[in-house]
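Worksheet: one structure, shown below.
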Amino acid sequence: MPLVAPSLLAADFLHLEKACQLLNESEADWFHLDVMDGNFVPNISFGPMIIAFMRPMTKKPFDVHLMIQEPGRYAEEFRKAGADHLTVHLEACPHLHRNLQQIRSLGMKTGVAINPHTPVSALADVLYETDIVCMMSVNPGFGGQQFIPHTLEKIRELRSMIDQRGLSTLIEIDGGVTEANAPSIVAAGAGVLVAGSTVFHATDPMAMITKLKAS
Ligand code: DX5
Ligand code: ZN
């Protein structure tokens with residue numbers, strides 16, 4: 001059964017408390033929190049302040065996806081705000097290994113996100129330091145985009161890299177995940193499904209989370 005991490009980016013920000021309550025009562029495993037700086041990606045979302053406001057609302061892990069340049073400058077601040085997992089983009093990190101060491105030393109799980117154009121092979125030498133690979137199945141920056149089908153091949157390739165090394169790194173798929181494509185994503189070897197619009201724009205978000213869990 002995959003883990004399901006609804007992305008709050010698609011929630012109603014005027015009623016974030018309601019969104020938190022909904023996820024608490026649902027089968028959601030993690031809260032996926034998308035931080036964008038308007039520089040690494042062409043959109044600006046929210047930062048540590050909003051995350052800190054949400055933290056007392058739930059006991060579920062906060063999976064924080066940083067789509068920002070120089071994420072190392074903010075790692076400690078996100079830890080203080082309540083991040084449990086901190087994911088940085090490979091493309092934004094010339095010293096990725098150092099970033100991952102920093103995240104671990106702050107007591108968080110390490111995540112590496114890769115854009116659709118980045119080959120899975122680029123992860124080979126950091127896989128041992130990586131708890132979660134966040135594989136982007138859309139170009140990061142916006143919710144509600146179409147899943148890129150080639151991602152399925154990348155999942156299979158990464159699955160075998162992880163298995164060959166005997167690691168327990170989780171493969172998280174982020175972008176365009178729907179009830180329809182979730183089963184093939186899981187069959188390819190992913191362990192975590194991020195879903196924004198599919199969950200929050202559903203007529204029954206709670207039931208949608210249950211459906212995704214059953215993929
Ligand atoms: C995109 C974000 C995603 C986004 C997913 O840059 O990283 O987490 O919220 O949204 P959907 O599920 O609507 O594609
Ligand atoms: Zn994300």
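Start at 1 and go down the list; that is how both ligands and their atoms are numbered.
Against a heavy-atom cut-off of under 4.0 Å, His65 is close to the following atoms of ligand 1: 7 (O). Listed by number with element, the atoms of ligand 1 under 4.0 angstrom from any heavy atom of Val194 are 8 (O). Applying the 4.0 Å criterion to heavy atoms of Gly175 picks out, from ligand 1, the atoms 14 (O). Every atom of ligand 1 is numbered from 1 in the order shown, and the set under 4.0 Å from a heavy atom of Met36 is 6 (O). Set against the non-hydrogen atoms of Ala195, the atoms of ligand 1 under 4.0 Å away are 12 (O). Atoms of ligand 1 found under 4.0 Å from any heavy atom of His32 (numbered from 1 in listed order, with element): 8 (O). Proximity to Leu9 (heavy-atom distance under 4.0 Å) selects the following atoms of ligand 1: 9 (O). If you number the atoms of ligand 1 from 1 as listed, the ones under 4.0 Å from a heavy atom of Pro140 come out as 6 (O).
Among heteroatoms of the N, O or S kind in Asp174, OD2 lies nearest the Zn ion (ligand 2). Between the Zn ion (ligand 2) and the N, O or S atoms of Asp34, the shortest distance is to OD1. Residue-level check: among N/O/S atoms of His65, ND1 sits closest to the Zn ion (ligand 2).
In this structure, the ring of Phe62 has its center no less than 6.0 angstrom from the ring center of His85.
Met208 contributes atom CE, which lies 8.5 Å from atom OG1 of Thr178 (distance to the nearest 0.5 angstrom).
Between atom 4 (C) of ligand 1 and the options Thr198, Asp34, Asn43, Val199, the minimum heavy-atom separation is to Asp34.
Among all protein heavy atoms, the one lying closest to atom 12 (O) of ligand 1 is Gly196 N, 2.7 Å. From the protein, the heavy atom lying nearest to atom 13 (O) of ligand 1 is Ser197 OG, 2.3 Å. In terms of protein heavy-atom proximity, atom 1 (C) of ligand 1 is nearest to Phe142 O, 3.6 Å. For atom 6 (O) of ligand 1, the closest heavy atom belonging to the protein is Gly141 N, 2.8 Å. The nearest heavy-atom contact from the protein to atom 8 (O) of ligand 1 is Asp174 OD1, 2.6 Å. Here the heavy atom of the protein found nearest to atom 9 (O) of ligand 1 is Ser7 OG, 2.9 Å. Nearest non-hydrogen protein atom to atom 10 (O) of ligand 1 is Gly143 CA, 3.5 Å.
With hydrogens and angles left out, the side-chain atoms of Ser45 and Asp34 include no donor and acceptor closer than 3.5 Å.
Using a 4.5 Å cut-off on side-chain heavy atoms (C-beta onward), Ile132 and Thr169 make no contact. Side-chain contact between Thr130 and Leu123: absent, with no pair of heavy atoms (C-beta onward) separated by less than 4.5 Å. Under the 4.5 Å side-chain criterion, counting only non-hydrogen atoms from C-beta, Val88 is not in contact with Tyr74. Counting only heavy atoms from C-beta outward, the side chains of Met67 and Asn43 never approach each other to under 4.5 Å.
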List the steps, then state whether side chain to side chain donor-acceptor pair (under 3.5 Å) holds for Thr198 with Glu179. CA-CA 8 Å; Thr198 291; Glu179 196 189 341; over 6 Å; no
Go through Asp29 and Lys213 one step at a time and tell me if the salt bridge (Lys or Arg N to Asp or Glu O under 4.0 Å) criterion holds. CA-CA 9 Å; Asp29 296 280; Lys213 279 294 289 180; 2.8 Å; yes
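Residue Gly176 places at least one N or O, backbone or side chain, under 3.5 Å from an N or O of ligand 1. Taking any N or O of Met67, backbone or side chain, none lies under 3.5 Å from an N or O belonging to ligand 1.
Under the 3.5 Å distance criterion, the side-chain polar atoms of Glu129 are left unmatched by any main-chain donor or acceptor of His97. The backbone N or O of Ala195 sits nowhere less than 3.5 Å from a side-chain atom of Ser7 that would complete a donor-acceptor pair.
The Zn ion (ligand 2) has an N, O or S atom of His32 inside 2.8 Å of it.
The two residues Leu152 and Ser184 have their closest heavy-atom pair at CD2-O, 3.7 Å. Heavy-atom minimum distance, Ala83 versus Arg79: O-NH1, 2.7 Å.
Taking a 4.0 Å cut-off on heavy atoms, Phe147 fails to register as neighbouring ligand 1. Not a single heavy atom of Ala10 sits closer than 4.0 Å to an atom of ligand 1.
Checked for salt-bridge contact, Asp84 and Arg55 meet the test: a charged N lies under 4.0 Å from a carboxylate O.
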